[in-house]
Structures are given as structure tokens and as C-alpha cells.
Amino acid sequence: MRVEIWSDIACPWCYVGKARFEKGLAAFAHRDDVEVVHRSFELDPHRARHDTAPVVESIARKYGRTLDEARAMEEHVASAARAEGLGYRTEGRDQGNTFDIHRLLHLAKARGLQEELLDLAYRTNFAEERSVFDPEVLIGLAVEAGLEEDEARAVLADEDAYAEDVRADEREAAELGASAVPFFVLDRRYGVSGGQPAEVFTQALEQAWQGRRIIPVVTPAAPADGACDDGACEVPPRG
């Protein structure tokens, strides 16, 4: 059985949702027969390539919130992350365009190292003082994951390398009606949106395994104006 996960490295609920999914998968009797595929989704695809800013200011600007509201959103997701045993820094992090990170993740996928690079990128982005938006940091993570440094540098230097792979993932997300991440699709029969509790993922895996009828997507309540809160990160409407 295949599970496809659309996510963005800049999405805190994707970070939390991955940990919860893995706990749900661990409780699934047929876990060894599940193939997990990570797919690309950009929360801020129109952001300039090298436009980075502190995370709280970025959230406030992107979602039309005050700085205090943005800090409260960060504290909320930080509590959820720490409850899953994940490190999380609410301030001192950068936010930026993630297209290059997704391109490098597709290289890692082609080399069988996608999971390793994804975990390193999440940890670095949310729990460490290094910035994944620094190309040298990103290259270092690629090497740590097991990729060849020269190959990783060549991909970042060539703006077309794996670009179509990223866009294909994003087109498919749109076709499936996904406007928020994380978005999980189980065997193309059952969709789960948001960083749901581990037991929800276990139940979804069991239902998909049994080949039951198509079940509506399980979606958490989300603010109407779009935000990285309440279990999912939404793409805000463009003005």
C-alpha cells in the first residue's frame, strides 16, 4: 500500500504531522507493507527566491496578523511539536522560498535518500540555529543525508534541475483539491488533511488496507483567512 504525503519544509504542522503519522504507522499491523512517498507543496510559491525574513514577521505579513498573534500561533504549534518529542524554536528562525529545497529533495528521492534529507531539513529548520535557506547549509544537509556534494551543488546551480518534478507534484495536489498541508493520500482511496493524532492515521491505514469504499477526507477546522494553525498550513488567498 502506498501513502503519499504532500508537505512543505516551512510548514510546522507538516513537521508535527510527520511525527504523528510515523507513530500511527508504527501501530499498524501491516506497516512493513506500506510505501511512503513524500511530495512537494509550496506554501509561498510566489515569494522571491532569496527573500528571507524572521519567521514571526513573515507569518504576520503573510496572514495579516499582528506580531503578538503570530507569536501566539508559533507557541501553539511549538507545544504540539514538543509533545511529540520534537525540538522547536519559536523565534530566531528564517522563513523563505522553499523551491530549491524541494528540488534537492527530488534528487534525494532519486538516490533513495529522501527520508534522510527531509528529516534533516525539518530538524534544522525548526529546532536549530542554522538556516535551511542558506545554500551552504542546504548542501551540508545533503551531504549529511548521503548525497554527493558535487551532484547537490549542480542541482542547486541549475534552476531547471528537478523543477518539473516539483511542479508536477503541485499540479497533482491541486487536482486532488489540496489547499493545505500536510495532506496524506492512502492508496488513492482515503485522504487525511492536517497533523491529526496518531490514532487517526492508524485507523485510516486500517480502512485503506481493508479496501473499503471511498471515505471523505478528514479535515481539521481551519481559519477562513488561511493560517499555519489548527492542524494544517493553508495557502492564503492572493489579494
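Contact of the E69 side chain with the I59 side chain is not registered, since no non-hydrogen atoms from C-beta on lie closer than 4.5 Å. At least one side-chain heavy atom of V185 sits under 4.5 Å from a side-chain heavy atom of W6. Put simply, the side chain of L156 reaches to within 4.5 Å of the side chain of R103, judged on heavy atoms. The side-chain heavy atoms of R171 and E164, taken from C-beta on, include a pair separated by under 4.5 Å. Taking the side chain as every heavy atom from C-beta outward, L205 and L186 approach each other to under 4.5 Å. Taking 4.5 Å as the limit, every side-chain heavy atom of K109 sits out of range of all side-chain heavy atoms of D165.
Closest non-hydrogen pair, V132 versus A121, comes out as CG1-O, 3.6 Å. The heavy-atom pair separating A60 from L67 by the smallest distance is CB-CD2, 4.0 Å. Taking each heavy atom of A83 and K23 in turn, the nearest pair found is O-NZ, 4.5 Å. Across all their heavy atoms, Y162 and A110 have their closest contact at OH-CB, 3.9 Å. What you find for R65 and A70 is that their closest heavy atoms are CB-N, 4.4 Å. When every heavy atom of A161 is checked against every heavy atom of V155, the shortest pair comes out as CB-O, 3.9 Å.
Taking the salt bridge (Lys or Arg N to Asp or Glu O under 4.0 Å) definition, one finds that R153 meets it with E136, E149, sequence neighbours left out. For the salt bridge (Lys or Arg N to Asp or Glu O under 4.0 Å) test, no residue two or more places apart in sequence or in another chain qualifies with E116.
Looking at R123, its side chain never comes within 3.5 Å of a backbone N or O of E128 through a donor-acceptor pair.
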Q. Where do E4 and R188 land on the side chain to side chain contact (heavy atoms under 4.5 Å, CB included) test, with the steps shown first?
A. CA-CA 9 Å; E4 297 161 277; R188 292 297 168 118; 2.7 Å; yes
Q: Verify side chain to side chain contact (heavy atoms under 4.5 Å, CB included) between L25 and F201, making sure each step is shown before the conclusion.
A: CA-CA 7 Å; L25 178 62; F201 289 116; over 6 Å; no
Q | Full working for side chain to side chain contact (heavy atoms under 4.5 Å, CB included) between D119 and K18 | A | CA-CA 9 Å; D119 284 341; K18 185 176 187 294; 2.6 Å; yes
Q: Run the numbers on E91 and E74 for side chain to side chain contact (heavy atoms under 4.5 Å, CB included), then give the verdict.
A: CA-CA 8 Å; E91 298 202 46; E74 278 290 280; over 6 Å; no
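Salt-bridge check for R47 with D8: failed, with every basic side-chain N at 4.0 Å or more from each acidic carboxylate O. In this structure, E22 does not pair ionically with R31, as no charged nitrogen and carboxylate oxygen lie closer than 4.0 Å. A salt bridge links R49 to D100: one of the charged nitrogens lies within less than 4.0 Å of a carboxylate oxygen.
Linking ILVMFWY residues whenever their side-chain heavy atoms come closer than 4.5 Å, directly or via other members, places L120 and I9 in the same cluster. The same ILVMFWY cluster, assembled from side-chain heavy atoms under 4.5 Å apart, contains both L118 and L147.
Around the CD atom of E57, the shell of radius 6.0 Å holds more than 12 heavy atoms that belong to other residues, nucleotides or ligands. Annotation: D33, atom CG; neighbour count of heavy atoms from other residues, nucleotides and ligands within 6.0 Å is above 12. Residue E151 places its CD atom among more than 12 non-hydrogen atoms of other residues, nucleotides or ligands, all under 6.0 Å distant.
The side chain to side chain contact (heavy atoms under 4.5 Å, CB included) test with T124 is passed by exactly one of L138, V137, D134: V137. F184 pairs with exactly one of F21, Y190, W13 by the ring-ring contact (aromatic ring centres under 6.0 Å, His included) rule, that one being F21.
Atom CG of L107 sits about 10.5 Å away from atom CD of Q114, to the nearest 0.5 Å. E35 CD to D187 CG: the interatomic distance, rounded to the nearest 0.5 Å, is 10.0 Å. Atom CD of residue E129 and atom CG of residue D94 lie 11.5 Å apart, to the nearest 0.5 angstrom. In this structure, CG in L105 is found 8.0 Å from OG in S7, a value given to the nearest 0.5 Å. Put simply, CZ on F133 and OG1 on T98 are 6.5 Å apart, with the number rounded to the nearest 0.5 Å. With values rounded to the nearest 0.5 angstrom, H38 atom NE2 is found 4.5 Å from I5 atom CD1.
Residues in residues 84-124 take part in these ring-ring contact (aromatic ring centres under 6.0 Å, His included) pairs, two or more places apart or across chains: Y15-Y122, Y88-F126.
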